[in-house]
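Report on the structure given below.
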Amino acid sequence: DVDGEDSTVDGSRSITTGDSNPGGNPGGVPNTIDVDDVRVYRDVTIVSGAGNDNITVEDTTIGEEVSPGVFAGGNLAINGGNGSNVVKVDDVVLVGSSLAITTGTDNDVVTVSNTTSHGPVTINTGGGSDTLLLLNNTFTNVAGTNTVAINTGEGEGSVNVIGGAYNNLSINTGSADDHDNVNVAGLSYTGVIDIQTGGGNDNITFIIVAGDGVSDLSVDGGRGVAN
């Protein structure tokens, strides 16, 4: 287990763990990484090996505005590797930079909530039946060009984007004949929402999604029945 709590880091912080199931042992103990209530003035990078991992970053501010409009650091990168991973990012402020979450094969659960990033956000969960929840985040910039890109790969994907503010949002659940669920509700956006669910019978739901009058919405349910 790795636990960083209630501390200040003047530079960057990097956390790397090995495989949680060495030799392919399915009974291996999951890696647990918890970054809680930390002030990091540059970047945070978390890399976990193969196997089941629990990764949490919460109540944390990353990066620094060194002068008006000039930023240093502010990148949060999480790579959970293969295995069934649970990744939680909650109440995190990325000062002027980006968020990247990557997981491999198997079934993953990713939650990002109450988080602010004025730079690009990318979430790639690879194969497997993955569940994603984005809740009440602010992913915008002054120019209105910020991007959020979600790719769940092959396998049944469940993507829920609830509340918050966005410029541009893209969701791609892979091209296979899977049953995917995409729910977008209660958010505002100023650019483009683009959803592609590939083949298979998919459910796509929009509830009270507010554009600014010049924004665009594109949905491609692929081959199969899209509800």
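Only this structure's heavy atoms are used, side chains among them; waters, hydrogens and symmetry mates stay out.
Contact of the Val89 side chain with the Ile101 side chain is registered, since non-hydrogen atoms from C-beta on lie closer than 4.5 Å. Between Asp36 and Glu58, some side-chain heavy-atom pair lies under the 4.5 Å cut-off. No side-chain heavy atom of Ile150 sits under 4.5 Å from any side-chain heavy atom of Asn172. Residues Ile204 and Asp180 have side chains not in contact (no heavy-atom distance under 4.5 Å, counting atoms from C-beta outward). Within the 4.5 Å cutoff, no side-chain heavy atoms of Val112 are placed close to those of Leu133. Using a 4.5 Å cut-off on side-chain heavy atoms (C-beta onward), Val219 and Asp194 make no contact. Put simply, the side chain of Ile193 does not reach to within 4.5 Å of the side chain of Tyr166, judged on heavy atoms.
Between Pro120 and Ser98, the shortest heavy-atom contact is O-CB, 3.2 Å. When all heavy atoms of Ser97 and Ser117 are compared, the closest pair comes out as O-OG, 2.9 Å. The shortest heavy-atom contact between Asn85 and Gly51 is OD1-O, 3.4 Å. When all heavy atoms of Val192 and Asn168 are compared, the closest pair comes out as N-OD1, 2.9 Å. Of all heavy-atom pairs between Asp216 and Tyr189, the closest is O-CE1, 3.4 Å. Closest heavy-atom contact between Val66 and Ala72: CG1-CB, 3.8 Å.
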| Can you check side chain to side chain donor-acceptor pair (under 3.5 Å) on Asp53 and Ser48, steps first, answer last? | CA-CA 7 Å; Asp53 305 309; Ser48 189; 2.9 Å; yes
| query | Taking it one step at a time, do Asn124 and Thr102 satisfy side chain to side chain donor-acceptor pair (under 3.5 Å)? | reply | CA-CA 5 Å; Asn124 296 311; Thr102 303; 4.7 Å; no
| Thr61 vs Tyr41, side chain to side chain contact (heavy atoms under 4.5 Å, CB included): CA-CA, chis, key distance, verdict | CA-CA 8 Å; Thr61 299; Tyr41 282 90; over 6 Å; no
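With Ile171 as the partner, the side chain to side chain contact (heavy atoms under 4.5 Å, CB included) test is satisfied by one option alone out of Leu132, Val148, Val161: Val161. The side-chain hydrogen bond (donor to acceptor under 3.5 Å, both in side chains) test with Thr197 is passed by exactly one of Thr152, Asp202, Thr173: Asp202. When each of Val35, Asp43, Val44, Val40 is paired with Val9, the side chain to side chain contact (heavy atoms under 4.5 Å, CB included) condition holds for Val40 and for no other. Each of Val109, Thr131, Asp130, Val182 was compared with Ser158 under the side chain to side chain contact (heavy atoms under 4.5 Å, CB included) criterion, and only Thr131 meets it.
Following chains of ILVMFWY side-chain contacts shorter than 4.5 Å, one can reach Phe206 starting from Leu187, so the two form part of one hydrophobic cluster. In the hydrophobic clustering of this structure, Ile33 groups with Ile62; members are Ile, Leu, Val, Met, Phe, Trp, Tyr whose side-chain heavy atoms approach within less than 4.5 Å, directly or through other members. Both Val38 and Leu76 sit in one connected hydrophobic cluster of ILVMFWY residues. Membership requires side-chain heavy atoms under 4.5 Å apart, directly or through other members. In terms of hydrophobic clustering, with Ile, Leu, Val, Met, Phe, Trp and Tyr side chains grouped at heavy-atom distances under 4.5 Å, Phe71 and Val93 are assigned to a common cluster.
If you take CG on Asn82 and OG1 on Thr105, they are separated by 3.5 Å, rounding to the nearest 0.5 Å. To the nearest 0.5 Å, atom CD1 of residue Ile15 and atom CD1 of residue Ile46 are 5.0 Å apart. Distance check: Asp91 CG to Asp37 CG gives 9.5 Å after rounding to the nearest 0.5 Å. The structure places CZ of Arg42 at 16.0 Å from OG of Ser14, a figure rounded to the nearest 0.5 Å. A distance of 11.0 Å separates CG in Asn201 from CG in Asn181, rounded to the nearest 0.5 Å. Here the NE2 atom belonging to His118 is positioned 12.0 Å from the OG1 atom belonging to Thr145, to the nearest 0.5 angstrom.
Using modelled atom types, one side-chain atom of Asn137 and one backbone atom of Asn114 make a donor-acceptor pair closer than 3.5 Å. Within the 3.5 Å criterion, the main-chain N or O of Gly119 finds a donor-acceptor partner in the side chain of Asn146. Of the possible polar contacts, none joining the Asn151 side chain to the Thr125 backbone as a donor-acceptor pair under 3.5 Å is found.
Checked by atom type, the side-chain pair Asn31/Thr17 shows a donor-acceptor distance below 3.5 Å. Donor-acceptor pairing under 3.5 Å is recorded for the side chains of Ser113 and Asp90.
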